[in-house]
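Source: prediction; values computed, not measured.
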Amino acid sequence: MKCDLCPRKCLVDRKKGEKGICGQTENLKVARAALHFWEEPCISGDAGSGAVFFSGCPLHCVFCQNENIANGTVGKEISLERLVDIFLELQEKRANNINLVTPGHFVPQIVKALDQARKEGLTLPVVYNTSSYETVDTIKMLEGYVDIYLPDFKYMSPVLSKKYSHAPDYAEVAKAAIAEMVRQTGKAVFVNGDEDNLILSGTIVRHLTLPGCMADSMQILKYLHDTYGDMIYISIMNQFTPLSNLEKYPELNRRITDEEYETLVDYAIEIGIENGFIQEGN
């Protein structure tokens, strides 16, 4: 079967061992599975999120913080049965949820694994942690399986998305994908109805601020707030860290300043964003 799971639509036959832009065949490949404490507080909580990092990625951002995982050089091929066991083991470790990280190119297998894991006692909410470079059809496959969507919204400008992620269509793709996510989850729901507690269902859209891209960041925040209001939460992230392979992109070879980040947060407050997360300190 020709693969069209992501917007790249490579149409390679992954069942025959061919690899698309994601770098993966049909065989599940996982780079890490463990309790993870560095998501938003309502996802990590005190016990940690049960994160499963899948190898490969269709986007390949030039500034990727997990490049070895994204290009598929790190990871281990596992069976569907082993993935089921991983979900159940994370539940036994008292994870707050199952957190699927960059999973889009393995959605059919993940759906089968979740079906089996639920038969064997999995009750945790499922988080879908994605770049948002996803087709609506793929997101629709996850209805009834994913409780919490954690998508990025990286760029509004096609110039920036082409330059840094080789995807001039990123914004339009992300808008459509996030719309489907919000349709599925509705307004965020928290334990005991208190947003200081763990999230049970909903959509949290992340935006990582890039150096020199403040105007684009502001456009993204305004679009999300104008479109969804308090239906979603917005996470404004300042953790961009330049890597050693940015010689061709010297403008990205620095962290954003405290002043830049504070300006963006002030803008978010000014336009009326109340449901959100910001990062403080290191």
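Put simply, the residue from N99, L114, N97 that forms a side chain to side chain contact (heavy atoms under 4.5 Å, CB included) with V126 is L114. Screening H207, E40, Q279, E39 against S235 for a side-chain hydrogen bond (donor to acceptor under 3.5 Å, both in side chains) leaves a single residue, E40.
For N192, the CG atom counts as loosely surrounded, since its 6.0 Å shell holds 12 or fewer non-hydrogen atoms of other residues, nucleotides or ligands. Applying the 6.0 Å contact sphere to CG of D194 captures more than 12 heavy atoms from other residues, nucleotides or ligands.
In this structure a side-chain-to-backbone donor-acceptor pair under 3.5 Å is missing from Q116 to V84. Although no hydrogens or angles enter the test, the distance criterion places no donor-acceptor pair under 3.5 Å between the side chain of E195 and the main chain of N275. For the pair T241 (side chain) and Q239 (backbone), a donor-acceptor distance under 3.5 Å is present. For T73 (side chain) and N68 (main-chain N/O), a donor-acceptor pair under 3.5 Å exists by modelled atom type. In this structure, the side chain of Y228 engages the main chain of A179 through a donor-acceptor pair within 3.5 Å.
M231 is not connected to V136 by any chain of hydrophobic side-chain contacts under 4.5 Å among Ile, Leu, Val, Met, Phe, Trp and Tyr, and they are in different clusters. V205 and V265 fall within a single hydrophobic cluster, where Ile, Leu, Val, Met, Phe, Trp and Tyr side chains are chained together by heavy-atom contacts under 4.5 Å. Taken together through direct or relayed side-chain contacts under 4.5 Å among Ile, Leu, Val, Met, Phe, Trp and Tyr, L142 and F87 form part of one hydrophobic cluster. Grouping the Ile, Leu, Val, Met, Phe, Trp and Tyr side chains by contacts below 4.5 angstrom, directly or via other members, places L90 with L100. Residues Y233 and L208 are members of separate hydrophobic clusters, defined by side-chain heavy-atom contacts under 4.5 angstrom among Ile, Leu, Val, Met, Phe, Trp and Tyr.
Atom NZ of K2 and atom NZ of K16 lie 6.5 Å apart (nearest 0.5 Å). Taking NZ of K112 as the start and CZ of F106 as the end, the distance is 13.5 Å to the nearest 0.5 Å. We find the NZ-OG distance between K162 and S165 to be 13.0 Å, quoted to the nearest 0.5 Å.
The heavy-atom pair separating A113 from L83 by the smallest distance is CB-CD2, 3.7 Å. In terms of heavy atoms, Q109 sits closest to L80 at O-CD1, 3.6 Å. In terms of heavy atoms, L5 sits closest to P108 at CD1-CD, 3.8 Å. What you find for G121 and L88 is that their closest heavy atoms are C-CD2, 4.3 Å. Residues C42 and I204 come closest through the heavy atom pair SG-CD1, 3.7 Å. The shortest non-hydrogen separation linking I236 to A268 is CD1-CB, 3.8 Å.
The salt bridge (charged side-chain N to carboxylate O under 4.0 Å, His left out) search around R32 returns none, not counting sequence neighbours. When the salt bridge (charged side-chain N to carboxylate O under 4.0 Å, His left out) test is applied to D226, the partners found at least two apart in sequence or on another chain are K222.
No side-chain heavy atom of T263 sits under 4.5 Å from any side-chain heavy atom of Y267. Considering only heavy atoms from C-beta on, T257 comes within 4.5 Å of R254 through its side chain. Within the 4.5 Å cutoff, no side-chain heavy atoms of D147 are placed close to those of V127. Counting heavy atoms from C-beta on, the side chains of T203 and P151 come closer than 4.5 Å. Side-chain contact between I21 and H60 is present, with at least one heavy-atom pair separated by less than 4.5 Å. By the 4.5 Å heavy-atom criterion applied to side chains, L243 and Q65 are counted as neighbours.
Side-chain atoms of E134 and T130 form a donor-acceptor pair, as typed in the model, at a separation below 3.5 Å. Remark: the Y133 side chain and the D169 side chain contain an N/O donor-acceptor pair separated by less than 3.5 Å. When only modelled atom types and interatomic distance are considered, S55 and Q24 share no side-chain donor-acceptor pair under 3.5 Å.
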| field | Test log, rule salt bridge (charged side-chain N to carboxylate O under 4.0 Å, His left out), inputs K19 and E26 | value | CA-CA 8 Å; K19 295 180 180 180; E26 189 186 49; over 6 Å; no
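Residues F240 and F63 place their aromatic rings such that the two centres sit under 6.0 Å apart.
Under the 6.0 Å distance and 45° angle rule, K175 counts as a cation-pi partner of Y223.
No salt bridge links R255 with E260; every basic N to acidic carboxylate O contact stays at or beyond 4.0 Å.
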